[in-house]
Number of protein chains: 2
Amino acid sequence: MEERCENCIVRKFNALRAMSKEELKAVSDSKVSRKVKKGEVIFDEGEKLNGIYCVRGGVSKLAKLSPNGKDQIVKLASKGEVLGQRSVVAEENSNLSATAVSDMEMCFIPKEAIISTLHKNPDFTYEVLRHMAHDLKEADDVIVNMSQKTVKERIAEALIYMKNNFGEDKEGYLALVLSREDIANVVGTATESCIRILSEFKKKGLIKTSGKRMAILEARKLQDLADGF
Amino acid sequence: MEERCENCIVRKFNALRAMSKEELKAVSDSKVSRKVKKGEVIFDEGEKLNGIYCVRGGVSKLAKLSPNGKDQIVKLASKGEVLGQRSVVAEENSNLSATAVSDMEMCFIPKEAIISTLHKNPDFTYEVLRHMAHDLKEADDVIVNMSQKTVKERIAEALIYMKNNFGEDKEGYLALVLSREDIANVVGTATESCIRILSEFKKKGLIKTSGKRMAILEARKLQDLADGF
DNA sequence: GAGAAAAGATGACACTTGTCAGCTTTTAAA
DNA sequence: TTTAAAAGCTGACAAGTGTCATCTTTTCTC
């Protein structure tokens with residue numbers, strides 16, 4: 001027997017918290033829990049989404065294929081975040097693909113329950129709106145970073161971001177383990193350039209690595225680097 | 001005597017169209033019309049906004065100052081678009097600055113009228129949400145372009161964008177006249193690089209110029225360039 | 001209309017970054 | 001455990017782009 005949305009703690013982090021008991025009950029009755037293995041595709045760019053995915057655990061990358069054949073990772077989504085929200089709201093096919101970068105646990109919620117609540121409950125709609133406003137601000141910030149910062153600055157920033165948003169394990173390694181290629185796709189550079197710069201950071205003692213795992217040793221210096229000093 | 005919002009055609013292009021007669025009346029009673037001269041700043045980054053600006057005519061650039069001291073233009077807004085919407089919805093200070101790039105005519109609407117409607121009229125909230133969803137998609141696309149395309153491709157794209165979104169005058173020149181510096185700030189490059197590439201386009205017969213005015217001669221070829229061919 | 005200021009243009013040069021090629025290490029599968 | 005595949009790494013080199021300096025043209029102001 002699966003947990004019901006009414007009792008789900010993850011809901012506190014997203015717009016579902018603004019739903020009424022009845023609405024939540026309807027959502028819970030129609031939702032489908034699903035486990036996704038690392039590397040598995042949740043949905044593809046251009047796909048018609050019939051609902052949203054509420055992330056209960058694990059991390060997903062939202063990416064878009066550029067004309068030159070490279071994936072650009074636009075956002076990393078984890079616990080509490082909702083995938084496909086934008087597409088369902090706009091009634092458009094998905095603009096991004098979603099892929100699990102770690103094993104994930106999520107709930108699929110058919111769009112009908114969401115859309116009908118959007119039409120009836122202004123508190124919920126407002127809450128979704130506020131979340132989207134936040135996403136939009138973040139996206140604008142990414143645009144500025146992408147166009148004005150060097151690759152080295154962006155990689156330093158990505159490392160800090162990973163530490164702040166996904167934390168570290170007991171040994172001090174970043175909890176989120178990404179391949180060099182994924183990191184390169186986050187900052188929009190070639191995999192080789194990414195590797196080279198990470199090697200440089202390692203040489204300078206800013207980070208250390210153990211297999212694919214990475215640990216930040218000098219957060220302050222990395223932050224300064226990211227800020228262009 | 002100024003025009004009332006109820007009769008304003010510009011409203012058709014934005015979320016205000018979902019307001020009820022009464023709500024619209026309240027907005028109209030509290031709004032302040034304002035003319036802004038080219039180059040004038042409408043609001044600054046970090047500023048607290050007490051309302052939104054509904055653009056009736058002219059064009060504005062929304063920009064953000066990057067740590068290295070360069071302005072990145074994130075969006076160009078014209079007739080029908082609403083400035084400051086994101087900040088008012090999120091109840092945050094502005095993330096971007098807004099500056100007129102041509103003489104403008106706009107209405108300032110105090111945030112109270114907007115926020116109270118957001119709480120009461122789900123149709124309006126939904127409509128604002130849909131617009132923001134659209135903006136978010138556009139922002140994601142910009143992220144991909146910025147990180148994956150060359151400066152030349154981005155400039156070609158910017159020219160096409162200017163033609164499609166702001167049109168041409170009778171002589172075939174782009175209706176929106178931007179300085180080389182502004183174009184550079186849209187595509188995120190140095191002014192000199194921008195000038196150099198525009199000169200190259202001119203030499204190749206893709207565009208022609210007359211003072212600051214520019215005309216697109218070979219839209220197809222520019223489009224191919226923008227797409228990386 | 002003259003003079004000043006802003007914008008546009010161009011060359012030289014250095015630095016950043018991407019590409020290709022080859023090699024080593026790690027991971028996963030048989 | 002062996003083997004194959006994937007990921008990580010490094011060097012060489014070319015192309016792309018930013019910076020600085022200088023000059024010309026356009027625009028604005030008095």
Side-chain angles (χ1 to χ4, degrees), chain A residues 37-40 66-72 99 101-103 145-156 158 173-174 177-204 207-214 225-226 228, chain B residues 37-40 61 66-72 99 101-103 145-156 158-159 173-174 177-204 207-214 225-226 228:
Chain A
K37 283 244 170 308
K38 176 180 173 178
E40 213 176 303
S66 80
N68 66 27
K70 282 191 187 160
D71 254 341
Q72 174 64 39
T99 309
V101 294
S102 66
D103 288 349
N145 282 339
M146 283 297 179
S147 54
Q148 303 286 358
K149 290 192 174 178
T150 65
V151 172
K152 194 180 294 186
E153 288 164 0
R154 279 180 272 152
I155 291 181
Y173 286 93
L174 291 174
V177 177
L178 290 182
S179 69
R180 303 292 194 261
E181 187 179 7
D182 276 342
I183 297 176
N185 289 345
V186 166
V187 304
T189 189
T191 307
E192 295 94 324
S193 298
C194 178
I195 289 174
R196 235 181 281 274
I197 287 169
L198 286 174
S199 299
E200 186 190 325
F201 287 173
K202 197 156 50 170
K203 237 172 243 154
K204 287 187 180 160
I207 63 171
K208 67 176 175 179
T209 61
S210 162
K212 298 184 65 159
R213 298 190 310 156
M214 286 193 303
L225 244 177
Chain B
K37 282 242 170 309
K38 177 179 170 177
E40 213 176 302
K61 60 177 175 185
S66 80
N68 66 26
K70 282 191 189 162
D71 254 341
Q72 174 65 39
T99 309
V101 293
S102 66
D103 288 349
N145 281 339
M146 282 297 179
S147 53
Q148 303 287 357
K149 291 192 173 178
T150 65
V151 172
K152 194 180 292 185
E153 288 164 0
R154 279 180 271 152
I155 290 181
L159 292 172
Y173 285 94
L174 291 174
V177 176
L178 290 181
S179 68
R180 303 291 195 261
E181 187 180 6
D182 276 342
I183 298 177
N185 289 346
V186 166
V187 302
T189 189
T191 307
E192 295 94 325
S193 298
C194 178
I195 289 174
R196 235 181 280 275
I197 287 169
L198 287 175
S199 298
E200 187 190 323
F201 285 173
K202 198 157 49 172
K203 238 172 244 155
K204 287 187 180 160
I207 62 171
K208 67 176 177 179
T209 61
S210 162
K212 298 183 65 158
R213 298 191 309 156
M214 288 192 304
L225 244 177

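Each chain gets a letter, A, B and so on, in the order the sequences are listed, and its residues count up from 1.
- For B:K70 and D:dT19, the shortest distance from a side-chain N or O to OP1 or OP2 is below 4.0 Å.
- Within 4.0 Å (heavy atoms only), B:K149 reaches no atom of the nucleic acid at all.
- Across the protein-nucleic acid pair, B:I197 atom CD1 and D:dG16 atom C1' stand 9 Å apart, rounded to whole Å.
- Between A:T150 and B:L198, the residue anchored nearer the 5' end of DNA chain C, judged by the nucleotide with its closest heavy atom, is B:L198.
- Using a distance-only test at 3.5 Å, with no hydrogens or angles considered, a donor-acceptor pair links the side chain of B:Q72 to the main chain of B:V186.
- Across all strands, A:T191 comes closer than 4.0 Å to no nucleic acid atom at all (heavy-atom distances).
- At least one side-chain heavy atom of B:R180 sits under 4.5 Å from a side-chain heavy atom of B:M214.
- Going from atom CZ of A:R213 over to atom P of D:dA7 covers 19 Å, rounded to whole Å.
- One atom, CD of A:E200, and another, C1' of D:dG11, lie 16 Å apart when rounded to the nearest Å.
- When side chains are defined from C-beta on, B:E200 does not count as touching B:R196, because their heavy atoms never get closer than 4.5 Å.
- Among A:V151, A:T150, A:I155, the one residue that satisfies the side-chain contact (heavy atoms from CB on, under 4.5 Å) test with A:E153 is A:T150.
- Between A:K203 atom NZ and D:dC9 atom P the separation is 11 Å, expressed in whole Å.
- Of the candidates D:dG8, D:dG18, C:dT19, the closest approach to any side-chain atom of B:A190 belongs to D:dG18.
- Between the CD1 atom of A:I195 and the C1' atom of C:dT24 there is a distance of 12 Å, given to the nearest Å.
- Side chains of B:S66 and A:K149: a donor-acceptor N/O pair is absent below 3.5 angstrom, by distance only.
- Atom P of nucleotide D:dA15 and atom CD of A:E192 are separated by 17 Å, given to the nearest angstrom.
- Judged by atom type and distance alone, B:R180 does not reach the base of D:dT26 through any side-chain donor-acceptor pair under 3.5 Å.
- DNA chain D is contacted by both A:E181 and B:G211; A:E181 maps to the nucleotide lying nearer its 5′ end (nearest heavy atom per residue).
- Residue order along DNA chain D, read from the 5' end via each residue's closest nucleotide, puts A:S199 first among A:S199 and B:T189.
- A donor-acceptor contact under 3.5 Å is not formed by the side chain of A:R196 with the base of D:dG8.
- As rounded to whole Å, 15 Å separates atom C1' of D:dC28 from atom NZ of B:K37.
- Among the heavy atoms of the strands lying under 4.0 Å from B:S193 is at least one base atom, whether or not backbone atoms are also near.
- The nearest whole Å value for the distance from the NZ atom in A:K202 to the C1' atom in C:dT25 is 11 Å.
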